[in-house]
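Here's the structure, in structure tokens; my notes come after.
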Amino acid sequence: MSYRVFVPRDSAALSVGAEGVARAIAGESSSRKLDVSVVRNGSRGMFWLEPLVEVETAQGRLAYGPVTRESVAGLFDAGFLEGKAHALCLGLTEAIPYLKQQERLTFARCGIVDPLSLDDYIAYGGYRGLQKALALEPQAIVDEVQKSGLRGRGGAGFPTGIKWSTVLYAKSDQKYICCNADEGDSGTYADRMIMEGDPFVLIEGMTIAGLAVGATQGYIYVRSEYPHAFRVLQRAIGIAYERGYLGADIAGSGKRFDLYARLGAGAYICGEETSMLESLEGRRGQIRPKPPLPAIEGLFGKPTVVNNLITLASVPIILDKGAEYYRDFGMGKSRGTLTIQLAGNIKHGGLVEKAFGISLRDAIYQFGGGTASGHPLRAVQVGGPLGAYFPESLLDTPLDYEAFAARKGMLGHGGVVVFDDTVDLAKQARFAMEFCAIESCGKCTPCRIGSTRGVEVIDRIITDENRARNLELLDDLCELMTDGSLCALGGLIPLPVQSAVRHFPEDFSKPAPPPLAVIDAAAAQKSNRETHPWR
Ligand SMILES: Cc1cc2nc3c(=O)[nH]c(=O)nc-3n(C[C@H](O)[C@H](O)[C@H](O)COP(=O)(O)O)c2cc1C
Ligand code: SF4
């Protein structure tokens, strides 16, 4: 009798001991002379259950978690390979409510397949989108993407079909597809999960994008903090070349597409598309003024599609199942699914793929189970460090680009960071300005100087120094940064700052903290010598 056991190799699972668990399962199998193959899959995205071990049974995969190295022998003793009862058994994986209630389109295979098995990928519906695309004219591929309503998942929600159409009609001897996998937003990890759990879906999506706009080369820009993802991606690219899905004759079509992965050097601004292009070309990541748009003059001055990883990874299912299938999910102008990433002070952190339109409250409570601390929720920041802080009263906002914009917020990359009632929003506002000051590329004055002055103004508000006047000044400064910044880092940082002031005014009117005690260095040294004479 042979068995298949799945132990994720996703970074989130590795960080809580998945490697040790996989070794313990292999060791226990060999000492008990059992024929067990351990498949290293991606994560299912239920982080509080990691390492989540799954066993293939006739009824489907059974989940056990969180499994520790120490619990492995007990699992074998209990007969987990036959799906027998054990305290860690969670039942059939697909029946776990957190997963069952999702609508996984982009993440359909993540956590199910072996990320480096092209056969697995194909067996689970992979490369069907490419086959369809190969039979279409470039314009028809672009039309399909446009009809699907797909909008960029990197932050701005720009219609992908329109961007592709611009590149398709740009005349050039060379065009490029660039995948933005810099994933700098706080609380986000969807890009990483795809790279580590289902890399071929990205490769397929980029290949289709290449066919659509006439680009024969693609680059994936991976943030430096993702070494595991980078390794998996490189191996997957190698396999796709070996099997004829990349290179001079993709899938026997006679059409060419080459793909390269590049590692960034670790700067939030390198996620902004023009900085990313600078970085890809080997320069310091700094903003390029727009126009020209990257679609006209992008990488190496050539027409370039820059899309977020999730945008590109959503393309294969659109081509495979058709634009109508995809656009049937969602609400208003937000079509398809959003990959919600629950983070911060949340009980059940993880990835939830759901049609646009689910409320923030349902995402946090129905899926996330509320705060991890058990304290009442006080604030939520959606959309990364440039996103607004929403209070409890805005939790019924549907996750939809327009609904968020109407409340002076933004969805960004779908990161949801939860805070309980111990959070101080004045400190968070200060943190936002300080983040901008640290990450500013320095190219324009409103952001470079404004963010540093912003920290000083917030400090004066916190210490109750001429508070009313400084609150006015902060408003003026935010207006200037919004209107005068060259890119959205300086232009959007007022969102978290002003939302904190608007929704949590009580945190900006607290009594000033006592001044820091002035330390008398000589006296401190003397007392130190008296208490620690050996020093
Ligand atoms: C400061 C800043 C950081 C950004 N970081 C990212 C990022 O990490 N990943 C990403 O895909 N887009 C990021 N963006 C958005 C990109 O500039 C660009 O709009 C996006 O990659 C386009 O792809 P999409 O149309 O698929 O969303 C950032 C933008 C700004 C202003
Ligand atoms: S807003 Fe900030 S990050 Fe953007 S160009 Fe200006 S200085 Fe650079």
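Just so you know, residue 1 is the first one in the sequence shown, and it goes up from there. Counting starts at 1 for both ligands and their atoms, in listed order.
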Closer than 4.0 Å to some heavy atom of [X] - which atoms of ligand 1 meet that?
X: K163; answer: 22 (C), 23 (O), 24 (P), 25 (O)
X: R153; answer: 26 (O), 27 (O)
X: D182; answer: 8 (O)
X: G184; answer: 8 (O)

Problem - Shortest reach to atom 21 (O) of ligand 1 by a heavy atom, considering only T274, I493, V305, N180 - result: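 Minimum heavy-atom distance to atom 21 (O) of ligand 1 goes to N180.
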
Is the shortest distance from a Lys or Arg side-chain nitrogen in [X] or [Y] to a carboxylate oxygen in the other one below 4.0 Å?
X: E273; Y: K290; result: yes
X: D459; Y: R430; result: yes
X: E278; Y: R284; result: no
X: D507; Y: R378; result: yes
X: E281; Y: R262; result: no
X: K302; Y: D173; result: yes
X: E183; Y: R223; result: no

Exercise for the section: Determine, using ring centers only, whether W48 and Y98 are less than 6.0 Å apart. Expected result: yes

Handout entry: Expected output: side-chain T311 to main-chain G152 donor-acceptor under 3.5 Å
Key = no

Completion exercise
Only residue of L233, L259, L202 satisfying side-chain contact (heavy atoms from CB on, under 4.5 Å) with C179 is L202

Handout entry: Option from D191, D185, T188 for which side-chain hydrogen bond (donor to acceptor under 3.5 Å, both in side chains) with H413 holds
Key = D191

Exercise for the section: Assess the side chains of Q174 and T216: does a donor N or O sit below 3.5 Å from an acceptor N or O? Expected result: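 On atom types as modelled, these side chains qualify, holding a pair under 3.5 Å.
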
Exercise for the section: Give yes or no for whether the N/O distance cutoff of 3.5 Å, strictly under, is met between D185 and ligand 1. Expected result: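 No - when backbone and side-chain N and O of D185 are compared with those of ligand 1, no distance drops under 3.5 Å.
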
Look at [atom] and say which protein heavy atom is nearest, naming residue and atom and giving the distance to 0.1 Å.
atom: atom 27 (O) of ligand 1; result: G154 N, 2.7 Å
atom: atom 23 (O) of ligand 1; result: N308 N, 3.1 Å
atom: atom 3 (C) of ligand 1; result: E272 N, 3.6 Å
atom: atom 18 (C) of ligand 1; result: E273 OE1, 3.7 Å
atom: atom 14 (N) of ligand 1; result: G271 O, 3.3 Å
atom: atom 1 (C) of ligand 1; result: Y268 CE2, 3.5 Å

Handout entry: contact_flag R151 ligand 1 heavy-atom lt 4.0 Å
Key = no

Practice task
Using a cut-off of 2.8 Å, find all protein N, O or S atoms closer to atom 2 (Fe) of ligand 2 than that distance.
Solution key: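 As for protein N, O or S atoms lying under 2.8 Å from atom 2 (Fe) of ligand 2, they are C447 SG.
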
